[in-house]
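From a predicted model like this one, the values you see are computed outputs, not experimental measurements.
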There are 2 protein chains.
Amino acid sequence: MVLAILETGSAHGYSIIESLRRESSGLFDLPEGTVYPALHRLEENGLIKSTREMVEGRERRVYHLIPAGHGSLKESRASWQAFSSAVSRILVVNP
Amino acid sequence: MVLAILETGSAHGYSIIESLRRESSGLFDLPEGTVYPALHRLEENGLIKSTREMVEGRERRVYHLIPAGHGSLKESRASWQAFSSAVSRILVVNP
DNA sequence: ACTCATACTTAGATATACTAGGTATAGGCG
DNA sequence: CGCCTATACCTAGTATATCTAAGTATGAGT
């Protein structure tokens, strides 16, 4: 989901948290202790890159999607479709 | 998913693993070390009950869905619908 | 000056999935 | 009859992720 957010444009950690909250209508209200370490992992794994930038008169760590991250996002979308439809088939349709 | 399987009829651990594999077309090929402890947790939490029964000339631990598990399954279905549609909204629709 | 929202970081607790071993039995086959 | 395989169950230990809870810092508004 973080990669999907970044696909629509570079963003810093705090704004990613807000995007997830807003676009999920409040369902994904992720604490910072979840998102920041996740961003560090994504960067460590070479899927995103960060730069320190001045935004609105303030230093922020801005994350950018890089090609490997774009590819990973594409794979994640495919596996999410497979995963969620399998869960739905078992969980929802069964009775 | 285990509760959903049990809703269609009581079953023992090994057959639950097979059901999940079959109904997911092989996607959920869960190892025993995942499913057996999960069954123990579900029983500990009062959602299922087990009895030792002779099935096809062999002792098996057969699990049954009990009322609390039925209620929990209903809740799980609702929260899965909310969760998966939120993920899809963010992950799939975004671009 | 103070408070609040923004912004980032990380140590530790908790939970879960999986690995990798163990035990036991029924049935098929050479 | 002995052996192998599939079935059936169990659990200790490892790896990983989420979250809690703490800390630091700054800009804006009162």
Side-chain angles (χ1 to χ4, degrees), chain A residues 1-3 5-6 9-22 24 26-64 72 76 79-80 82-84 86-87 90-91, chain B residues 1-3 5-6 9-22 24 26-64 72 76 79-80 82-84 86-87 90-91:
Chain A
M1 289 194 288
V2 167
L3 296 179
I5 298 287
L6 289 177
S10 299
H12 60 280
Y14 204 84
S15 75
I16 291 171
I17 292 174
E18 290 175 324
S19 295
L20 289 170
R21 183 167 45 230
R22 186 169 22 81
S24 69
L27 191 65
F28 300 142
D29 192 9
L30 304 186
E32 304 172 351
T34 300
V35 175
Y36 287 116
L39 287 166
H40 300 164
R41 280 197 302 277
L42 288 169
E43 185 162 28
E44 231 174 70
N45 295 340
L47 303 181
I48 61 178
K49 243 177 110 82
S50 74
T51 52
R52 293 204 56 85
E53 294 176 30
M54 284 295 292
V55 182
E56 293 160 40
R58 190 154 168 193
E59 273 276 295
R60 288 184 176 90
R61 181 164 297 280
V62 177
Y63 290 94
H64 314 269
S72 170
S76 290
S79 65
W80 164 251
F83 173 83
S84 66
V87 173
I90 292 169
L91 197 65
Chain B
M1 289 194 290
V2 168
L3 296 180
I5 298 289
L6 289 178
S10 299
H12 61 279
Y14 204 83
S15 75
I16 291 171
I17 291 174
E18 290 176 324
S19 294
L20 289 171
R21 182 168 46 233
R22 184 170 23 82
S24 70
L27 189 65
F28 300 141
D29 193 8
L30 304 186
E32 304 172 352
T34 299
V35 175
Y36 288 118
L39 287 167
H40 300 164
R41 279 197 303 277
L42 288 169
E43 185 162 29
E44 230 175 71
N45 295 338
L47 303 181
I48 62 179
K49 244 177 111 82
S50 75
T51 51
R52 294 204 57 84
E53 294 176 28
M54 283 298 288
V55 182
E56 291 159 43
R58 192 154 167 195
E59 273 277 294
R60 289 183 175 91
R61 180 164 297 281
V62 178
Y63 290 93
H64 315 269
S72 171
S76 291
S79 65
W80 164 253
F83 173 83
S84 65
V87 172
I90 292 170
L91 197 66

Closest nucleotide of DNA chain D for B/Gly33 versus for B/Ser15: which of these residues is on the 5' side?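 Taking each residue's closest nucleotide, the earlier one in sequence belongs to B/Ser15.
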Given DNA chain D, 5'-ward residue of the pair B/Val62 and A/Pro37, judged by closest heavy atom: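 Comparing both residues, the 5'-ward one is B/Val62.
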Exercise: identify the closest heavy-atom pair between [X] and [Y]:
| X | Y | answer |
| --- | --- | --- |
| B/Leu91 | A/Met1 | CD1-N, 3.8 Å |
| A/Leu6 | A/Ala11 | CD2-N, 3.6 Å |
| A/Ser10 | A/His64 | OG-ND1, 2.7 Å |

Would you mind reading off the distance between [X] atom [atom1] and [N] atom [atom2], rounded to a whole angstrom?
| X | N | atom1 | atom2 | value |
| --- | --- | --- | --- | --- |
| A/Met54 | C/dC8 | CE | P | 13 Å |
| B/Leu39 | D/dT11 | CG | P | 12 Å |
| A/Phe28 | D/dA17 | CZ | C1' | 16 Å |
| B/Tyr14 | D/dC10 | OH | C1' | 14 Å |
| B/Leu42 | C/dA17 | CG | P | 10 Å |
| B/Glu43 | D/dT11 | CD | P | 12 Å |
| A/Leu30 | C/dT6 | CG | C1' | 17 Å |
| B/His12 | C/dA26 | NE2 | C1' | 13 Å |

Approximate separation, where rounding is to 0.5 Å, of A/Ile17 CD1 and A/Leu39 CG: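 Rounded to the nearest 0.5 Å, the CD1-CG separation comes to 8.0 Å.
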Rounded at 0.5 Å granularity, tell me how far CD1 in A/Ile90 sits from CG in B/Leu3.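 Between A/Ile90 CD1 and B/Leu3 CG, I get 12.5 Å after rounding to 0.5 Å.
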Closest listed nucleotide, where the reference is the side chain of A/Glu32 and the choices are D/dT20, C/dT9, D/dT11: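 Closest nucleotide to the A/Glu32 side chain: C/dT9.
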Look at A/Tyr36 and C/dC8 and indicate whether a side-chain polar atom (N or O) is within less than 4.0 Å of OP1 or OP2.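 Answer is yes, contact under 4.0 Å.
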Does B/Arg61 place a side-chain N or O at less than 4.0 Å from the phosphate oxygens OP1/OP2 of C/dA24?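 No, B/Arg61 has no side-chain N/O under 4.0 Å of OP1/OP2 on C/dA24.
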Test for a donor-acceptor pair under 3.5 Å between the base of D/dT7 and the side chain of B/Arg58, counting only N and O atoms.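 Between D/dT7 and B/Arg58, which were checked side chain against base, a qualifying N/O pair under 3.5 Å is present.
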Would you classify A/Gly13 as touching base, sugar-phosphate or nothing, given that sugar-phosphate means primed atoms plus P, OP1 and OP2, and contacts are heavy atoms under 4.0 Å?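 Answer is sugar-phosphate: A/Gly13 comes under 4.0 Å of backbone atoms only.
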A/Glu59 near the nucleic acid: base, sugar-phosphate alone, or nothing, with a heavy-atom cut-off under 4.0 Å?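 Here A/Glu59 touches no strand at all.
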When the nearest nucleotide of DNA chain C is assigned to A/His40 and to B/Arg41 on a heavy-atom basis, which residue is associated with the more 5' position?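 Its nearest nucleotide lies further toward 5', so the answer is A/His40.
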